[in-house]
Amino acid sequence: MRVRFWGTRGSIPVAASGRSIREKIAQALRMAEGRRFGTKEDLEQFIDEVIPFSVRHGYGGDTSCIQLEPGDEYTLLDMGSGLRRFGQQVMAEHGPDRPQEYHFFMSHMHWDHIMGLPFFPPIYIPGNTIHVYGGHPPPMMEAAFRRQQSNPCFPVYWDRLGARIVFTQLETDRTHEINGFSIRLTDQSHHGGSFGFRFERGGKVLVYSTDTEHKLEDDAQTEAAISFFKDADLVIYDAMYSLADMVTVKEDWGHSSNVVGVDLCLRAGVKHYCMFHHEPACDDDMIHTSLNETRRYAEIVGEGRSMRISMTYDDMVIEI
Amino acid sequence: MESSVRQIADVSLIRIDGRVDHATAKAFEEVIKPHLDDTGGAPLPKILLDLGGLSFMTSAGLRVLMIAAKACAAQGRDLAVAALQPAIAEIFKISRFDLVLTIYPTVEDGLSSLSSEAAALWEAG
């Protein structure tokens, strides 16, 4: 299974400010210490091996959109602003004349998870089919998209779309077989409700659990999450806040914490924990610091148990 | 997890030893809870948690601390922690609890800051 991250930011897209770009350039130049690069390869090597990731690349600013491969047709999780770049790629690959089928699994219908759809060219092309799956009722899902593509929000209205769009509600109490994946859902704690997904294929397991506020006092929620994550190869988890923020000023805002993700994943025997839905107020340095701190927390509380921890970023690709 | 409580003047000094994780967080909460009751008497005692013997804590334990801190704040009384072992201090920093809880390097420092009377009694043994 391959996981490709088109958008990893939470709540709203962000772009690097001119000031932050300037600071990154300054850091890179300081690290170069006046050296000269004889070839393009020398320069690339310096960038890749000397410049830290948070300076040379950064974590990106598009909101939630993830692609799962393989599959005869496309499989995607959420339609955040990252969907725009995925749409550009498929248009470059297939052009407008070869109909495609897309399977979207929606955690929920909040704006940052649907805002990419109006900028996804395949929806305007007759012959394409867009399947939209979620735990919410189809009329509720469709209403969110209609509202987004109606006056005064967007100039191209929902009824003008060329693609066939099919909404399907998935039940949480059974396994669904779609595009080669075995899929289960679970309820999550979030305003308006959200759903986590567990995808299995070829003996590999991926869990996508974003926009979920894990209430530590709720034992039933904890046990349900551990059961849902059990022995997963990869868990993509809402690590938006510090624990202190999550239980104080941002309590009931619908998101979880980096350290809660560690505790749940360790108890569930997860192999790789990926932090997701980054706080838009955090710059690359802050996110990088959070990654290092989270790894250290896992080292302390893991007591010898091994678990890989990553911070997701736009364009990241993980092979499971 | 083990605990003991001493009333020193107007400070309830609660010592916690051992581990506080998902398995022991409830017991930790039961230790703290009686001290959070608003008995109606004034002033309510301040609370100092001596964590010098605490060797392990996860988010489940931190949550209990936050419940206690919120309750005390609502009642207008002080709650602080003291004597964190290095690993526990790291966990407080990583979780940003160092920004929302008052932390003292030692029990003596905590008592001195919270109550001169309690500090004097502590020093007198």
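Below, read A as the first sequence line, B as the second, and so on, with proteins coming before strands; counting in each chain starts at 1. These numbers were taken from a predicted model, which means no experiment stands behind them.
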Student: Checking heavy atoms, do the side chain of B:Phe97, its backbone, both or neither come under 4.5 Å from chain A?
Tutor: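 Its backbone and side chain both get close to chain A.
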Student: So which bits of residues 228-244 of chain A come within less than 4.5 Å of chain B, counting non-hydrogen atoms only?
Tutor: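 If one takes a 4.5 Å heavy-atom cut-off, the residues of residues 228-244 of chain A near chain B are A:Ser242, A:Leu243, A:Ala244.
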Student: Spell out the residues in residues 68-89 of chain B that have some non-hydrogen atom less than 4.5 Å away from a non-hydrogen atom of chain A, in order of number; otherwise answer 'none'.
Tutor: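 Only B:Lys70, B:Ala87 of residues 68-89 of chain B have a heavy atom under 4.5 Å from chain A.
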Student: Against chain B, label A:Asp219 side chain, backbone, both or neither, depending on which of its atoms sit under 4.5 Å from a heavy atom there.
Tutor: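 Just the side chain, heavy atoms under 4.5 Å.
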Student: Take A:Arg296 and B:Ile94, measure what side-chain contact (heavy atoms from CB on, under 4.5 Å) needs, and give me the verdict at the end.
Tutor: CA-CA 8 Å; A:Arg296 177 58 185 148; B:Ile94 289 167; 4.0 Å; yes
Student: Pair B:Lys26, A:Glu217 - check side-chain contact (heavy atoms from CB on, under 4.5 Å), show working.
Tutor: CA-CA 9 Å; B:Lys26 282 277 189 289; A:Glu217 65 273 25; 5.9 Å; no
Student: Quick check on the structure: residues of residues 298-305 of chain A within a heavy-atom distance below 4.5 Å of chain B, by number.
Tutor: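 Within residues 298-305 of chain A, the residues that come under 4.5 Å of chain B (heavy atoms only) are A:Ile300, A:Val301, A:Glu303.
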Student: Got more than 12 heavy atoms from elsewhere within 6.0 Å of NZ, A:Lys271?
Tutor: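 More than 12 within 6.0 Å, yes.
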Student: Sort by residue number and list every residue of residues 245-262 of chain A having at least one heavy atom under 4.5 Å from chain B.
Tutor: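 Expected list: A:Val247, A:Thr248, A:Glu251, A:Val259, A:Val260.
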Student: Step by step, work out the side-chain contact (heavy atoms from CB on, under 4.5 Å) result for B:Glu90 and A:Glu293.
Tutor: CA-CA 9 Å; B:Glu90 264 194 279; A:Glu293 290 180 334; over 6 Å; no
